[in-house]
Amino acid sequence: AYDAMVYIEGTSVIAVDSIGKVIASGTAGTDDVTVIQAAVDVTRNGGTVLFDGSEYTIDATINITTSLALRGNGSTFNSLLSTEQTPIIFATGTPHGDRILSVDAAKGGRTIYVTDVSDIRENQLILVYDYSDWPGYFATNIPGELHRVRSISEADDDGIYTITLYESLYRSYLVEKTARARPISPIQVEISDFKFIGPGEATDAWGIWLDYTDNSSIKNCEYSKIGSYANTITYSFGTNISECNISNSIKSGLGYGIALENGCAHVHIDNNTFRRCRHAITQSGAPVPGQCRDTFITNNVFYDGTGDSID
């Protein structure tokens, strides 16, 4: 079952809906991204975009802002993109405005306290952070962690709501250090059975970027010659990357097969093969709120790396 299908027929690239009505069409090799984006845009929340196994030319980013699945069936995306932070696919949920914590959030506790719960929903995500100092090399990082909301109380007599999390906090977050909470409305994206071919192993090319997502997955995909970041995961919970073959990402100073950055939690990286990546798997941060936690790396194979396999 699918909501939209994209295919190439002769010199045309075509997208149709589930009853065969044309969504968009154009010239293959020239209008591929325009047609693919049209198919993505009309797909219902939780729906599927199906591909036919053809080769597509990617000359602009495909943007995803709702929960959906992309099923490649062996399709190849040949990317011409070689500009930093211009991925082949960018999938992002919605962060909402930060709330200042009313009371310190204690290490080991599961509660935070705020006066505004608009955009905070049970079972959605929330980033908790403050501006405490980090030592040495990490001095520019802003400590924080991503959690799932379990429940939201009624306001007490002072207008303060109690937000209960499913898991305990790894550290304390202090009002005196401007402790904050950022509600997130995530999307869930499933990407499977594609080949992503970049413009060169030492270019600034990016592959897939998942941002503010929940329980998303990338499965059985092949990456080659995406020089900087084959996969970038930011502010995402429960991501699973499995059965992928990632090779030839060796941009000087970069070259990441899978880069986990700011505020990820419960990422599983299983049964993948990495070849000629400067950093096959890395977990890092930047001078924005949040660090990664609870990353699980199992049954992966590493060949011919030019830097660190895991760092």
Can you name the residues that form a side chain to side chain contact (heavy atoms under 4.5 Å, CB included) with [X], not counting sequence neighbours?
{"X": "T66", "answer": "N45, L68"}
{"X": "D98", "answer": "Y129, R180, R182"}
{"X": "F302", "answer": "F274, A280, I281, N300, S309, I310"}

Please check if the side chain of [X] supplies one atom and the backbone of [Y] the other of a donor-acceptor pair under 3.5 Å.
{"X": "Q37", "Y": "A60", "value": "no"}
{"X": "R71", "Y": "V49", "value": "no"}
{"X": "N73", "Y": "F51", "value": "yes"}
{"X": "T239", "Y": "D214", "value": "no"}

What I want to check is whether the side chains of [X] and [Y] have a donor and an acceptor closer together than 3.5 Å.
{"X": "R110", "Y": "T164", "value": "no"}
{"X": "S242", "Y": "D270", "value": "no"}
{"X": "T234", "Y": "E261", "value": "no"}

What pairs of donor and acceptor atoms, side-chain ones from residues 5-28 against any protein atom, are under 3.5 angstrom apart with sequence neighbours left out?
from : atom 1 : to  : atom 2 : distance (Å)
D17  : OD1    : I19 : N      : 3.0
D17  : OD1    : G20 : N      : 3.1
D17  : OD1    : K21 : N      : 2.9

Next item on the list: Using the side chain to side chain contact (heavy atoms under 4.5 Å, CB included) rule, take I226 and I88 through it: C-alpha gap first, then chi angles, then the decisive distance, then the call.
Entry: CA-CA 10 Å; I226 300 175; I88 296 170; 4.2 Å; yes
Partner residues of [X] under the salt bridge (Lys or Arg N to Asp or Glu O under 4.0 Å) criterion, sequence neighbours left out:
{"X": "D116", "result": "R99"}
{"X": "D32", "result": "none"}
{"X": "R275", "result": "D304"}

Note to self: So, using ring-ring contact (aromatic ring centres under 6.0 Å, His included) as the criterion, who are the partners of F237 when residues are at least two apart?
What the structure shows: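 For F237 the ring-ring contact (aromatic ring centres under 6.0 Å, His included) partners, ignoring immediate neighbours, are H266.
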Checklist line | Contact list for residues 48-64, test side chain to side chain donor-acceptor pair (under 3.5 Å), sequence neighbours left out | finding: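 Output for this query lists D52-S54, D52-Y56, E55-N78.
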Check: With sequence neighbours left out, which residue pairs that include part of residues 196-208 fulfil the side chain to side chain donor-acceptor pair (under 3.5 Å) condition?
Finding: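 Sorted pair list: E201-R276, D204-K251.
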Note to self: For N240 and N215: C-alpha separation, side-chain torsions, deciding distance, then whether side chain to side chain contact (heavy atoms under 4.5 Å, CB included) applies.
What the structure shows: CA-CA 7 Å; N240 188 296; N215 287 328; over 6 Å; no
Note to self: Please give me the minimum heavy-atom distance between S236 and L210, naming the atom from each residue.
What the structure shows: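 For S236 versus L210, the nearest heavy atoms are OG-O, 3.7 Å.
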Next item on the list: Could you name each residue pair satisfying ring pair (Phe, Tyr, Trp, His ring centres under 6.0 Å) that touches residues 152-173, not counting sequence neighbours?
Entry: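 Applying ring pair (Phe, Tyr, Trp, His ring centres under 6.0 Å) to every pair that reaches into residues 152-173, excluding sequence neighbours, yields nothing.
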Notebook entry, point to check: For residues 79-117, which residue pairs qualify under ring pair (Phe, Tyr, Trp, His ring centres under 6.0 Å), counting only residues two or more places apart or in two chains?
Noted result: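 Passing the test, one end in residues 79-117: F90-W209.
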